[in-house]
Amino acid sequence: WDAGRGADTVRIGFAAGSLRASAVKDWALRVAAVLQDRYASWQQYATAFEGGMHAWQDRSGVQDPAARGRVQRNVPVLAAQVWPQVDWKTPFE
């Protein structure tokens, strides 16, 4: 959860003009390396991400089923359209 949110924060920083492309690439590669070492597949990472999201939602009092089910609603699309495009163990430079 934290690593995924960190990558999203980097993306937002770039979109806002606060980070240069070179910094975004550096941070994205760092996050990717950590995630590849920790998880064996996109599915395993998605499951862990969802668990972290639910823990954060629990601490924040989020009970809305739509918010809590966001990851599971997106997994079929990711598995069919996105994950096949990039192997989980793709080496990074």
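Only this structure's heavy atoms are used, side chains among them; waters, hydrogens and symmetry mates stay out. Everything quoted here is computed from the prediction, not taken from an experiment.
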- Rounded to the nearest 0.5 Å, the CD atom of Gln72 sits from the OG1 atom of Thr47 at a distance of 6.5 Å

- Pairs meeting criterion salt bridge (Lys or Arg N to Asp or Glu O under 4.0 Å) with involvement of residues 31-53, two or more places apart: none

- When clusters are formed by joining ILVMFWY residues with side-chain heavy atoms under 4.5 Å apart, either directly or through shared neighbours, do Tyr45 and Leu29 land in the same one? no

- Residues that Arg11 engages under side chain to side chain contact (heavy atoms under 4.5 Å, CB included), provided they are two or more places apart: Asp8

- Task: If the plane angle is over 60° it's perpendicular, under 30° parallel, otherwise tilted; pick one for Trp83 and Trp42.
- Result: parallel

- What is the minimum heavy-atom distance between Val31 and Ala7, and which atoms define it? CG1-CB, 4.1 Å

- Query: Considering residues at least two apart in sequence or located in another chain, which fulfil the ring-ring contact (aromatic ring centres under 6.0 Å, His included) criterion with Phe14?
  - Reply: none

- Item | Heavy-atom closest contact (Gln36 atom, Thr90 atom, distance) | NE2-O, 2.8 Å

- Quick one: closest heavy-atom pair of Leu19 and Val10, and the distance? CD1-O, 3.7 Å

- Message: According to a hydrophobic-cluster definition based on side-chain heavy atoms being under 4.5 Å apart (Ile, Leu, Val, Met, Phe, Trp, Tyr only), do Ile12 and Trp56 belong together?
- Response: no

- Item | ILVMFWY clustering at 4.5 Å (side-chain atoms), partners of Val34 | none

- Message: The criterion is salt bridge (Lys or Arg N to Asp or Glu O under 4.0 Å); which residues satisfy it with Asp26, sequence neighbours excluded?
- Response: Arg30

- Taking only residues two or more places apart in sequence or in another chain, which ones pass side-chain hydrogen bond (donor to acceptor under 3.5 Å, both in side chains) with Asp58? Arg68

